[in-house]
Protein chains: 2
Amino acid sequence: MSTAPQKCVEPDATTIEALSDDQVATMTKALGHPVRLRIVRLLSERHTCVTGDLAAQFPLAQSTVSEHLRVLRDAGLIQGEIEGVRTSYCVNVAALAALKAALGSL
Amino acid sequence: MSTAPQKCVEPDATTIEALSDDQVATMTKALGHPVRLRIVRLLSERHTCVTGDLAAQFPLAQSTVSEHLRVLRDAGLIQGEIEGVRTSYCVNVAALAALKAALGSL
DNA sequence: TCTCTTCATCGTAATTCGACGATAGCCGAT
DNA sequence: ATCGGCTATCGTCGAATTACGATGAAGAGA
């Protein structure tokens, strides 16, 4: 499983833009679920991971994990890259940095 | 409106404990709503504020804002103190610091 | 005491969320 | 060309969320 050379576009973390309240709310809402929080944590540790390996970490149906990935992707916190038959996900470091910056002002 | 000397217990920010995934998820979920995010921002700026003044900031019913305050309170992000007929809210700096610390590891 | 103000809670309706199984698309290998 | 594995999407359900008005408790002041 996942022995292929996985690469996932790492956006340069220098382009940090200020986020609107709605954007911040969308991101924090996306993180506001134990499974999604754990997914981000896993991706942060492993740097990158394919859907199947991710789904195997939870006692959930594959479709459910895929849905969580979609929420995180829509929020801009992660991004997926199709690699043949699989999809590799990685955290969007720029977005995460922007979120931290926004929360820092609280 | 709100001319009384308002004080709100500020927990010492030194007692920062590590949060569980569920705690972090609960907090981020609480922040995952534009109105609640704005409430925290307002409290962070004004240092303290009574329910009525807070409710006046939004085109929402008083009961709705009160409910949002309850969510934030249950998440531990803010705390209210009854002052006579009013209730004064303030951010829980320790909890917020703990949350930032937890998100920092992402 | 009576009234006014302030706030939280209750009941309710509409919407969204979280989970599942089933399905369809797509790629690689046989 | 067909088969088999990997993902995303769709339809559906029960549960949770968000909003409202109405109600009730409790302090402040006339």
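Chain letters run A, B, ... following the sequence lines, proteins first and then strands; every chain starts at 1.
No side-chain heavy atom of Tyr89(A) sits under 4.5 Å from any side-chain heavy atom of Thr48(A).
Rounded to 10°, the angle separating the first-five-pair axis and the last-five-pair axis of the helix from dT1(C)-dA30(D) to dT30(C)-dA1(D) equals 20°.
Between Arg86(A) and dG5(D) there is no side-chain N or O to OP1 or OP2 distance below 4.0 Å. In this model, the phosphate group of dA8(C) is approached by a side-chain N or O of Tyr89(B) to a distance below 4.0 Å at OP1 or OP2. Between dC17(C) and Lys29(A), a contact under 4.0 Å exists linking OP1 or OP2 to a side-chain N or O. Close to dT6(C), at under 4.0 Å from its OP1 or OP2, lies no side-chain N or O of Thr87(B).
Taking CG of Leu72(B) as the start and CD1 of Ile78(B) as the end, the distance is 4.5 Å to the nearest 0.5 Å. The distance from atom CD1 of Ile82(B) to atom OG of Ser88(B), rounded to the nearest 0.5 Å, is 11.0 Å.
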Practice problem: Begin with the C-alpha distance, continue with both residues' side-chain angles, and end with the deciding distance and a verdict on side-chain contact (heavy atoms from CB on, under 4.5 Å) for Asn92(A) and Leu77(A). | Solution: CA-CA 5 Å; Asn92(A) 183 336; Leu77(A) 288 170; 5.8 Å; no
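Side-chain atoms of Arg36(A) never come within 3.5 Å of backbone atoms of Leu31(A) as a donor-acceptor pair (strictly under, hydrogens ignored).
The side-chain hydrogen bond (donor to acceptor under 3.5 Å, both in side chains) test applied to Arg70(A) returns Glu67(A), Asp74(A), not counting sequence neighbours.
For residues 62-76 of chain A, proximity to DNA chain C is found at Ser63(A), Thr64(A), His68(A), defined as any non-hydrogen atom under 4.0 angstrom from a strand atom.
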